[in-house]
Amino acid sequence: MTNSEIKATLSFSDGSQSLEMPIYKGSIGPDVIDIRKLYGATGMFTYDPGFMSTAACNSSITYIDGDKGELLYRGYPIEQLAVNGGDFLETCYLLLNGELPNATEKAEFVSTVTKHTMVHEQMQFFFRGFRRDAHPMSVLVGTVGALSSFYHDSLDINDPHHREVSAIRLIAKMPTLVAMAYKYSIGQPFVYPRNDLSYSANFMHMMFSTPCEEYKVNEVLVRALDRILILHADHEQNASTSTVRLAGSSGANPFACIAAGIACLWGPAHGGANEAALSMLEEIGSVDNIPEFIAQVKDKNSGVKLMGFGHRVYKNYDPRAKLMRETCYEVLQELGLQDDPLFKLAMALEKIALEDEYFVSRKLYPNVDFYSGIVQRALGIPTALFTGIFALARTVGWIAQWKEMISDPEQKIGRPRQLFVGAAKRDVVAIDKR
């Protein structure tokens, strides 16, 4: 970031105080006003619930322009990465290192990740402590956090080599843990990773192979999963990424920080959105029921929400949605599910929402979650695991953001302030006089 020649001046209307604050310019996007000296100079805090206008860090990883519907990973448009940028591990390398790999760098990176895909054998006993019907996200919070119990040799956050090893381990082991969570929930034996398969193909192998039947890799489906992972790999300073950064600011180990991110992602307003979108379609049930559903959505007193449409950041079309829509068609065509009732229902709902003035005026366009749930369902992934797939994809973004934060010399432990509205100071009186 660079200093602007223009300064921001805060002046009080009564003329009692005035404070000049520097303005910083990023490479793209809004400028920021540096308010770090505000409290010391005035005794006041800023008030910004939900951090709607607050930049909590500087970052060079991901940029979103919500008005334009633009998403960049290290400067590369998501559309180009999803179509021309190779597989998910190339995107991982990009997010971690700042540049796309050449052939040699990619081969070395893939080899390193592949060699770390197995988890410690004692982890299988850890799984047995969970109920079979435990939600996969609760299992992942526990098992990812528990990785710090097994890998003491990479917990020194001040050692660059330790940080690198932890990053590779998390990226490599997340597919194994997600697949183990699924296998445990359905009572099937765990499947070991295979080093001869690609990252996404290996995950599907661990998910769907059994001792009786080897999973047959379908490149169309593998490519679809790869695209899901690429589109969800990072998304700037969202709730779960901010959680990872906040946990990391205390000096917590990387496995604990990622577990914190998973816990935050679990929320229905964040990572659970694609699950909610699919549940909404199932509740509508039929194309014939769409008019009644739309009427309920428009009725503010009904409590019915249109899930999978609109986005907190994108005020225009979600750039990931178009790509996910294409993948949705490819997968359903490959599996012969183009006449699937749920898909037809989704397309009918999409058409109405894109043409209805109520939704158009509010820019409630379909987002990536609307389509990704349909794709995952077609791939055979159960609804309860959708957010687990999201966590698998986002792990590389979290770890890249965590590494960037640790390397930032200006980073301090996160400590938001508050506007206190509770009782003023008062005295305790004896219980018999209350």
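Between P189 and P211, some side-chain heavy-atom pair lies under the 4.5 Å cut-off. Contact annotation: the side chain of I157 approaches that of P254 to within less than 4.5 Å [non-hydrogen atoms, C-beta and beyond]. With a 4.5 Å cut-off on side-chain heavy atoms, M207 and Y215 do not count as touching. Contact of the I406 side chain with the Q411 side chain is not registered, since no non-hydrogen atoms from C-beta on lie closer than 4.5 Å. Within the 4.5 Å cutoff, no side-chain heavy atoms of Y371 are placed close to those of T327. With contacts defined as side-chain heavy-atom distances shorter than 4.5 Å, the pair E350/R325 qualifies. At a threshold of 4.5 Å between non-hydrogen side-chain atoms, the residues L147 and M123 count as touching. Side chains of K322 and E79 form no contact here, defined as non-hydrogen atoms less than 4.5 Å apart.
The structure places CG of D318 at 10.0 Å from CD1 of I78, a figure rounded to the nearest 0.5 Å. In this structure, CG on L246 lies 8.0 Å from CD1 on I413, to the nearest 0.5 angstrom. With values rounded to the nearest 0.5 angstrom, D408 atom CG is found 15.0 Å from K403 atom NZ. How far OG1 of T387 is from CH2 of W266: 9.5 Å, rounded to the nearest 0.5 Å. If you take CE on M174 and OG1 on T395, they are separated by 3.5 Å, rounding to the nearest 0.5 Å. In this structure, R227 CZ and S372 OG are separated by 13.0 Å, a value rounded to the nearest 0.5 Å.
Pairing each heavy atom of G145 with each of S148, the nearest pair is O-OG, 2.8 Å. Closest of all the heavy-atom pairs between T104 and N102 is N-OD1, 3.1 Å. Residues G86 and D226 approach most closely at O-OD2, 4.5 Å, considering heavy atoms. Nearest heavy-atom pair across T176 and T117 is OG1-O, 2.6 Å. When all heavy atoms are compared, the tightest approach of C257 to W402 is SG-NE1, 3.8 Å. Minimum heavy-atom separation, W398 to S240: NE1-OG, 3.1 Å.
Remark: F51 CZ is loosely packed, at most 12 non-hydrogen atoms of other residues, nucleotides or ligands lying under 6.0 Å away. For H161, the NE2 atom is loosely surrounded, since the number of other residues' heavy atoms within 6.0 Å does not exceed 12. The local environment of CD in E213 is sparse, with at most 12 non-hydrogen atoms from other residues, nucleotides or ligands closer than 6.0 Å. Heavy atoms of other residues, nucleotides or ligands lying less than 6.0 angstrom from CZ of R417 number more than 12. Counted within 6.0 Å of OH on Y192, heavy atoms from surrounding residues, nucleotides or ligands total 12 or fewer; the atom is thus considered open. Atom NZ of K351 has 12 or fewer heavy atoms from other residues, nucleotides or ligands within 6.0 Å.
At distances below 3.5 Å, at least one donor-acceptor pair connects side-chain atoms of T112 with backbone N or O atoms of E108. The closest donor-acceptor contact from the side chain of N202 to the backbone of P193 lies at 3.5 Å or more, if one exists at all. Put simply, the side chain of H232 gets close to the backbone of I228: a donor and an acceptor are under 3.5 Å apart. Remark: the backbone N or O of H162 is not paired with any side-chain donor or acceptor of D156 at under 3.5 angstrom. No donor-acceptor distance shorter than 3.5 angstrom exists from the side chain of T243 to the backbone of C264, with no hydrogens or angles considered. Using a distance-only test at 3.5 Å, with no hydrogens or angles considered, a donor-acceptor pair links the side chain of S166 to the main chain of S154. Within the 3.5 Å criterion, the main-chain N or O of Y184 finds a donor-acceptor partner in the side chain of R132. The main-chain N or O of A247 is found under 3.5 Å from a side-chain atom of S250 such that the two form a donor-acceptor pair. When atom types are taken as modelled, the side chain of S302 and the backbone of Q296 share a donor-acceptor pair closer than 3.5 angstrom. Put simply, the side chain of Y199 gets close to the backbone of I171: a donor and an acceptor are under 3.5 Å apart.
Between F359 and Y365, the gap from one ring centroid to the other reaches at least 6.0 Å. A ring-centre distance under 6.0 Å is not found for F126 and H120.
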Inset, instruction - For side chain to side chain contact (heavy atoms under 4.5 Å, CB included), just list the numbers for F293 and L306, CA-CA rounded to whole Å, side-chain angles, deciding distance to a tenth of an Å, and then say yes or no. - result: CA-CA 9 Å; F293 173 76; L306 182 64; 3.7 Å; yes
Inset, instruction - Apply the test side chain to side chain contact (heavy atoms under 4.5 Å, CB included) to residues V222 and V217: give CA-CA distance (whole Å), side-chain angles for both, the deciding distance (0.1 Å), then the verdict. - result: CA-CA 7 Å; V222 169; V217 175; 3.7 Å; yes
Inset, instruction - Evaluate the criterion side chain to side chain contact (heavy atoms under 4.5 Å, CB included) for residue pair C57 and M405; output intermediate values, then yes/no. - result: CA-CA 8 Å; C57 65; M405 180 211 62; over 6 Å; no
Inset, instruction - Dump the intermediate steps for side chain to side chain contact (heavy atoms under 4.5 Å, CB included) on I61 and Y73, then the final yes or no. - result: CA-CA 6 Å; I61 299 173; Y73 290 172; over 6 Å; no
Legend entry - Derivation and outcome, side chain to side chain donor-acceptor pair (under 3.5 Å), residues D234 and T62: CA-CA 7 Å; D234 197 46; T62 304; 2.4 Å; yes
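Classification of the Y329-F343 ring pair by plane angle, with boundaries at 30° and 60°, yields perpendicular. F208 and Y182 have perpendicular rings, their planes meeting at more than 60° on a 0 to 90° scale where under 30° would count as parallel. Taking the six-membered ring where the residue is Trp, F390 and H270 present perpendicular rings, their angle passing 60° and hence far from 30°.
Sorted by first then second residue, the salt bridge (Lys or Arg N to Asp or Glu O under 4.0 Å) pairs that include residues 139-153, not counting sequence neighbours, are D153-R169. Note on residues 369-383: pairs passing salt bridge (Lys or Arg N to Asp or Glu O under 4.0 Å), not counting sequence neighbours, are D340-R377. Identified under the salt bridge (Lys or Arg N to Asp or Glu O under 4.0 Å) test for residues 214-223, with sequence neighbours left out: R194-E214. Applying the salt bridge (Lys or Arg N to Asp or Glu O under 4.0 Å) test to residues at least two apart or on different chains, none of the pairs has a partner in residues 175-193.
Between N367 and Y314, the side chains place no donor N or O within less than 3.5 Å of an acceptor N or O (distance only, hydrogens not considered). Using modelled atom types and a 3.5 Å distance limit, the side chains of S60 and E404 yield a donor-acceptor pair. Side-chain atoms of E236 and Q401 form no donor-acceptor pair, as typed in the model, at a separation below 3.5 Å. A donor-acceptor contact closer than 3.5 angstrom is absent between the side chains of D48 and S53.
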Show which side-chain atoms of residues 278-290 pair as donor or acceptor with protein atoms under 3.5 Å away, not counting sequence neighbours.
from: S279; atom 1: OG; to: E275; atom 2: O; distance (Å): 3.0
from: S286; atom 1: OG; to: D288; atom 2: N; distance (Å): 3.1
from: N289; atom 1: ND2; to: I284; atom 2: O; distance (Å): 2.8

All N/O donor-acceptor pairs, side-chain side in residues 90-101, below 3.5 Å, sequence neighbours left out:
from: E90; atom 1: OE2; to: K106; atom 2: NZ; distance (Å): 3.1
from: N97; atom 1: ND2; to: Y93; atom 2: O; distance (Å): 3.1

